[in-house]
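Note that ligands are numbered from 1 as they come in the structure, with each ligand's atoms numbered from 1 the same way. Everything numeric in this text was worked out from a predicted model, so none of it was measured.
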Amino acid sequence: MNSERILCVGLAALDIVSICESYPEEDKDVTAISQHHQSGGNACNTAKVLRDLGVQCEFLGSMSSGFQSDFIRKEMNDRGILYENCAYHSDCGTPTSCVVLSLKTGSRTIVHARNNLPELDIKDFEKLDLKNYKWVHFEGRRNELKILKMIDIVDEFNITQPDDKKIKVSVELERPRETLWPLLSRGDVVFISKDFARFRGFSSPVETIKSLNRYTKPTAVMLCAWGEEGADGISSEGDLIHSDAYPPEKVIDTLGAGDTFNAGVIYSLYKGLTLQDTVNFACLLAGIKCGMYGYSGLA
Ligand code: ADP
Ligand code: FRU
């Protein structure tokens with residue numbers, strides 16, 4: 001019997017977050033209002049939000065050993081996120097981000113180091129029992145060619161399945177990297193970030209969606225979130241959808257707003273909502289997230 005599990009494939013990192021009145025000047029010694037550690041990484045963040053929404057969820061990515069990865073796994077355990085198929089590596093560190101949240105502007109500045117942790121390999125994906133999953137979400141990372149092969153594996157599985165048992169595939173093109181381009185044509189749901197869109201020379205979500213839609217599968221849905229401007233999407237029939245953002249009373253933590261938006265979209269489409277309701281819901285969820293620290297208690 002197939003499970004209803006959603007698999008999020010990508011990065012789990014340690015985020016060290018400093019909450020500051022404003023973004024510090026270079027070479028100053030400033031005092032933060034507070035600091036905390038939390039798990040991070042796009043796929044991990046999306047998994048956390050999906051889990052909060054009540055979905056059975058698994059994270060798949062590389063993991064190192066040491067107290068940082070123990071911390072990440074403990075958070076996943078506490079939240080009920082499965083991670084049983086992760087690939088373990090020794091002699092490397094855990095990807096870590098130092099993040100400054102500025103209360104003055106609502107910005108989140110990230111300094112990230114991968115610390116030599118290898119990316120996920122095809123063999124790590126091959127060992128999955130795909131019958132366990134209803135949806136696989138791929139964060140576009142530096143192992144793009146391997147991700148394409150992983151999607152091939154899902155496609156081959158889907159050929160053997162009746163329509164209601166086929167796995168949906170979503171892909172995220174977030175980093176400004178040309179090499180992510182081939183992922184565009186491989187998702188049933190395609191997320192384009194504003195960073196990737198700007199890198200391609202677009203200046204609005206609607207322009208991005210209209211221009212890139214021709215490169216997706218004919219049946220695909222594409223979405224592009226754009227901070228305070230909300231998000232746009234296009235259905236497989238070519239209908240353009242927009243939702244304004246839902247600004248919280250005070251923007252205090254925009255770290256992972258895009259990951260939250262993605263989770264909101266995956267959740268709503270998985271539940272069978274229309275694309276318009278989906279984009280509205282995802283913007284609402286991401287807006288609520290921006291008004292609170294972290295990801296707990298969103299739902
Ligand atoms: P990221 O930079 O994390 O990839 P975005 O900044 O594009 O993501 O934001 C994703 C979504 O989060 C937006 O579509 C919007 O709905 C919401 N969001 C982001 N910033 C704000 C904000 N300042 N106020 C309200 N909603 C926001
Ligand atoms: C937010 C985030 C952080 C992580 C960083 C990695 O989207 O996933 O949690 O540290 O980006 O680039």
Side-chain angles (χ1 to χ4, degrees), residues 8-18 36-49 59 61-62 68 71-72 75-76 93-115 117 119 137 139-142 172-177 191-199 202 204-206 208-209 223-233 241-265 268 278-295 298:
C8 296
V9 184
L11 178 71
L14 175 68
D15 286 355
I16 303 171
V17 183
S18 297
H36 60 270
H37 289 51
Q38 63 189 33
S39 60
N42 293 13
C44 175
N45 291 337
T46 296
K48 283 189 282 187
V49 178
F59 168 80
S62 298
Q68 297 94 335
F71 175 89
I72 294 168
E75 249 207 36
M76 287 188 184
T94 291
T96 302
S97 298
C98 291
V99 182
V100 174
L101 300 180
S102 160
L103 292 188
K104 193 166 163 190
T105 62
S107 71
R108 79 331 169 228
T109 304
I110 305 172
V111 179
H112 179 73
R114 179 141 188 93
N115 292 328
L117 183 69
E119 292 285 359
H137 172 65
E139 170 190 347
R141 300 191 51 76
R142 285 199 184 275
E172 180 193 38
L173 288 78
E174 193 215 24
R175 290 301 175 108
R177 273 203 300 270
F191 295 104
I192 307 289
S193 76
K194 66 176 181 306
D195 283 359
F196 185 86
R198 282 186 179 137
F199 159 73
F202 303 121
S204 73
V206 71
T208 307
I209 293 282
L223 301 118
C224 182
W226 209 279
E228 289 143 79
E229 290 178 35
D232 286 62
I241 307 290
H242 171 80
S243 169
D244 286 341
Y246 291 78
E249 223 164 90
K250 177 147 179 59
V251 173
I252 57 172
D253 180 2
T254 53
L255 180 65
D259 309 332
T260 305
F261 174 86
N262 293 353
V265 167
S268 308
T278 293
V279 178
N280 289 345
F281 174 74
C283 283
L284 175 64
L285 195 70
I288 295 171
K289 190 268 149 299
C290 294
M292 56 181 248
Y293 291 115
Y295 307 87
L298 264 173

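Listed by number with element, the atoms of ligand 1 under 4.0 angstrom from any heavy atom of Arg108 are 2 (O). Which parts of ligand 2 touch Gly40 is read off a 4.0 Å heavy-atom cut-off, strictly below it: atoms 9 (O). Proximity to Val251 (heavy-atom distance under 4.0 Å) selects the following atoms of ligand 1: 23 (N). Using a 4.0 Å cut-off to heavy atoms of Trp226, the atoms of ligand 1 that qualify are 7 (O), 14 (O). Contact atoms of ligand 1 toward Ala225: 7 (O), 10 (C), 14 (O) (distance under 4.0 Å to a heavy atom of the residue). Atom numbering of ligand 2 starts at 1 in the shown order; those under 4.0 Å from a heavy atom of Ser97 are 4 (C), 5 (C), 10 (O). In summary, the atoms of ligand 1 found under 4.0 Å from a heavy atom of Cys283, numbered by their order in the structure, are 16 (O).
Nearest residue to atom 8 (O) of ligand 2 from Thr96, Asn42, Asp15 is Asn42 (criterion: closest heavy atom).
Among all protein heavy atoms, the one lying closest to atom 17 (C) of ligand 1 is Ala286 CB, 3.5 Å. Closest protein heavy atom to atom 3 (O) of ligand 1: Gly258 N, 2.9 Å. Distance from atom 6 (O) of ligand 1 to its nearest protein heavy atom, with residue and atom name: Lys194 NZ, 2.9 Å. Protein heavy atom at the shortest distance from atom 14 (O) of ligand 1 is Gly230 O, 2.9 Å. For atom 7 (O) of ligand 1, the nearest protein heavy atom (residue, atom name, distance) is Gly227 N, 3.0 Å. For atom 25 (C) of ligand 1, the closest non-hydrogen atom on the protein side is Pro247 CA, 3.7 Å. For atom 27 (C) of ligand 1, the closest heavy atom belonging to the protein is Cys290 SG, 3.7 Å. The single protein non-hydrogen atom nearest to atom 23 (N) of ligand 1 is Glu228 CG, 3.3 Å, given as residue, atom name and distance. In terms of protein heavy atoms, atom 7 (O) of ligand 2 is closest to Asp259 OD2, 2.8 Å.
Side-chain atoms of His137 and Glu139 include no donor-acceptor pair closer than 3.5 Å.
At a 4.0 Å heavy-atom cut-off, ligand 2 touches Arg175 through the side chain alone. Contact annotation for Asn45 and ligand 2: only side-chain heavy atoms (C-beta onward) come within less than 4.0 Å of the ligand. For Lys250, no heavy-atom contact with ligand 1 is shorter than 4.0 Å.
An N or O contact shorter than 3.5 Å is missing between Leu255 and ligand 2 by distance.
By the 6.0 Å contact criterion, NZ on Lys250 is enclosed, its count of non-hydrogen atoms from other residues, nucleotides or ligands being greater than 12. Arg114 CZ: more than 12 foreign heavy atoms inside a 6.0 Å radius.
With hydrogens and angles disregarded, a donor-acceptor distance shorter than 3.5 Å links the side chain of Thr96 to the backbone of Thr94. Within the 3.5 Å criterion, the main-chain N or O of Ala257 finds no donor-acceptor partner in the side chain of Thr254. Between the side chain of Lys48 and the backbone N or O of Ser39 there is at least one donor-acceptor pair closer than 3.5 Å. Checking side-chain atoms of His242 against main-chain N and O of Ala231 turns up a donor-acceptor pair under 3.5 Å.
The side-chain heavy atoms of Ile72 and Met76, taken from C-beta on, include a pair separated by under 4.5 Å. The closest side-chain heavy-atom distance from Leu223 to Asp232 is not below 4.5 Å. Here the side chains of Val100 and Cys98 are not in contact, with every heavy-atom distance at 4.5 Å or above. A heavy-atom distance below 4.5 Å is not found between the side chains of Arg175 and Asp195.
When all heavy atoms of Gly294 and Asp253 are compared, the pair lying nearest together is N-OD2, 2.9 Å.
Residue contacts with ligand 1 leave out Glu229, since none of its heavy atoms falls under 4.0 Å from the ligand. Under a 4.0 Å heavy-atom criterion, Gly258 is not in contact with ligand 2.
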